[in-house]
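For clarity, every value in this text was computed on a predicted model and none was experimentally measured. Each chain gets a letter, A, B and so on, in the order its sequence line appears, and its residues count up from 1.
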There are 2 protein chains.
Amino acid sequence: MSGTPVSIQDLTKNQAMVFGALSTAEGPLSAYAILDRLRDQGFRAPPQVYRALEKLVEVGLVHRLESLNAFVACSHPACSGQATHGHEMIAFIICESCAKVTEINDSALADQLTHLARVQDFALRKTTVELRGLCRACSA
Amino acid sequence: MSGTPVSIQDLTKNQAMVFGALSTAEGPLSAYAILDRLRDQGFRAPPQVYRALEKLVEVGLVHRLESLNAFVACSHPACSGQATHGHEMIAFIICESCAKVTEINDSALADQLTHLARVQDFALRKTTVELRGLCRACSA
DNA sequence: ATGACACACGTTATATCGTTACGCAATGTG
DNA sequence: CACATTGCGTAACGATATAACGTGTGTCAT
Ligand SMILES: [Zn+2]
Ligand SMILES: [Zn+2]
Ligand SMILES: [Zn+2]
Ligand SMILES: [Zn+2]
């Protein structure tokens with residue numbers, strides 16, 4: 001490993017395949033759903049998927065949705081080559097009907113959370129913010 | 001059962017036992033950890049725990065921590081008899097070292113999240129906000 | 001009372017999600 | 001070359017959650 005590996009170009013074969021599966025998916029995929037989609041490309045067992053996901057999440061190309069036990073490709077504009085955006089203080093808006101996920105990077109929210117932690121003397125490492133409900137289309 | 005069932009007094013035997021296990025625990029417990037603690041009180045299988053948890057979460061006596069796949073008793077002052085506080089827009093601060101969980105009910109944060117949803121024309125149903133890191137004691 | 005229903009419960013099995021452990025091949029370094 | 005590192009494949013296992021079915025018990029209208 002030389003320097004910081006962040007770009008899509010630095011991905012290994014498996015990582016690229018998993019990222020591809022998530023990128024072309026319409027919504028979040030569970031690890032096993034990814035596995036199923038990649039079976040005819042040689043994937044056979046969970047560790048192959050989880051290892052790739054671990055790296056992809058680490059570099060910020062993929063996010064994990066805790067409330068869904070699933071993963072999505074980052075939708076940040078030029079994220080496909082950039083490291084972790086901001087400080088990983090991302091909010092996700094998840095439609096419970098159509099599974100559409102919107103990724104939100106709101107600095108006011110980030111400030112708010114930072115403040116909350118600060119008040120408690122808490123050394124913030126990672127935040128999970130997931131809003132569930134119905135998107136405009138589905139609640140119409 | 002008549003009217004709205006919210007108080008601890010309205011709980012069934014199993015629900016009361018699960019709530020008791022969570023209340024006396026120092027930190028969050030997984031469903032299986034609860035099961036283990038209740039084995040000598042007659043619990044034998046996961047559904048008994050999950051069914052009780054479902055109800056307890058529904059009435060707000062227990063919260064689920066998505067990022068931990070675990071559950072905590074509500075720490076709201078008089079929650080032991082009251083229904084869902086606010087609109088379930090609770091933030092949890094979770095220490096990754098000592099597992100201590102702090103439950104926070106911040107109206108500014110709630111407004112913030114409500115606003116975020118509003119901007120997206122999103123019908124908010126439930127929010128998950130979990131802050132992970134090190135508590136004051138553990139980061140010292 | 002008797003049947004219909006709802007509810008809590010017990011039990012078995014199964015589904016879904018995630019990790020450990022082991023071995024091997026390719027690569028890079030002294 | 002010896003040696004460490006990295007990515008990968010595979011088998012087995014562990015952890016989390018639900019489905020499906022049956023039983024008893026109370027309530028209530030007939
Ligand atoms: Zn992103
Ligand atoms: Zn939708
Ligand atoms: Zn609470
Ligand atoms: Zn701590």
Requested in this report: Send over the distance from B/Leu53 CG to C/dA8 P, rounded to a whole Å.
Outcome: 15 Å
Report task. Ignoring hydrogens and angles, state whether a donor on the side chain of B/Ser67 or A/Glu66 is under 3.5 Å from an acceptor on the partner side chain. Result -> no
Report task. For B/Leu35 and D/dT18, give me the distance from atom CG to atom C1', rounded to whole Å. Result -> 15 Å
Query raised in the report: Can any side-chain N or O of B/Ser30 pair as donor or acceptor with the backbone N or O of B/Ala33 at less than 3.5 Å?
Result: yes
Query raised in the report: Which nucleotides of nucleotides 18-25 of chain C have their base under 4.0 Å from a protein heavy atom (B), which only their sugar-phosphate (S), and which neither (-), written as one string 5' to 3'?
Result: BBBB----
Query - Taking every non-hydrogen atom, the tightest pair across A/Leu56 and A/Gln15 - result: CD1-O, 3.6 Å
Query raised in the report: So, the side chain of B/Glu103 versus the backbone of B/Ser75: is there a donor-acceptor pair under 3.5 Å, distance only?
Result: yes
Query raised in the report: When you check the phosphate oxygens OP1 and OP2 of D/dC8, does a side-chain N or O of A/Thr12 lie under 4.0 Å from one of them?
Result: yes
Requested in this report: Calculate the interatomic distance between B/Lys55 atom NZ and D/dT18 atom P; express it in whole Å.
Outcome: 17 Å
Query raised in the report: Rounded to the Å, how far apart are B/Leu11 CG and C/dC7 P?
Result: 16 Å
Report summary line: Judged by nearest nucleotide, the residue sitting upstream toward the 5' end of DNA chain C, A/Leu68 or B/Gly42, is B/Gly42
**Report entry** Between D/dT10 (P) and A/Phe43 (CZ): distance, integer Å
**Finding:** 11 Å
Query raised in the report: Given atom CG of B/Asn14 and atom C1' of D/dT25, what is their separation to the nearest angstrom?
Result: 15 Å
**Report entry** Main-chain N/O of B/Ala117 paired with B/Gln120 side-chain donor or acceptor, under 3.5 Å
**Finding:** no
Report task. Tell me whether the OP1 or OP2 atom of D/dC8 has a side-chain N or O from A/Gln48 closer than 4.0 Å. Result -> no
Query raised in the report: Do other residues, nucleotides or ligands put more than 12 heavy atoms under 6.0 Å from B/Gln41 CD?
Result: yes
Report task. Measure the distance from CG on B/Leu29 to P on D/dT16 and round it to the nearest whole Å. Result -> 11 Å
Query raised in the report: Roughly how many Å is it from NZ in A/Lys13 to C1' in D/dG9, rounded to a whole number?
Result: 12 Å
Query - Between B/Arg132 and A/Thr128: side-chain donor-acceptor atoms closer than 3.5 Å - result: no
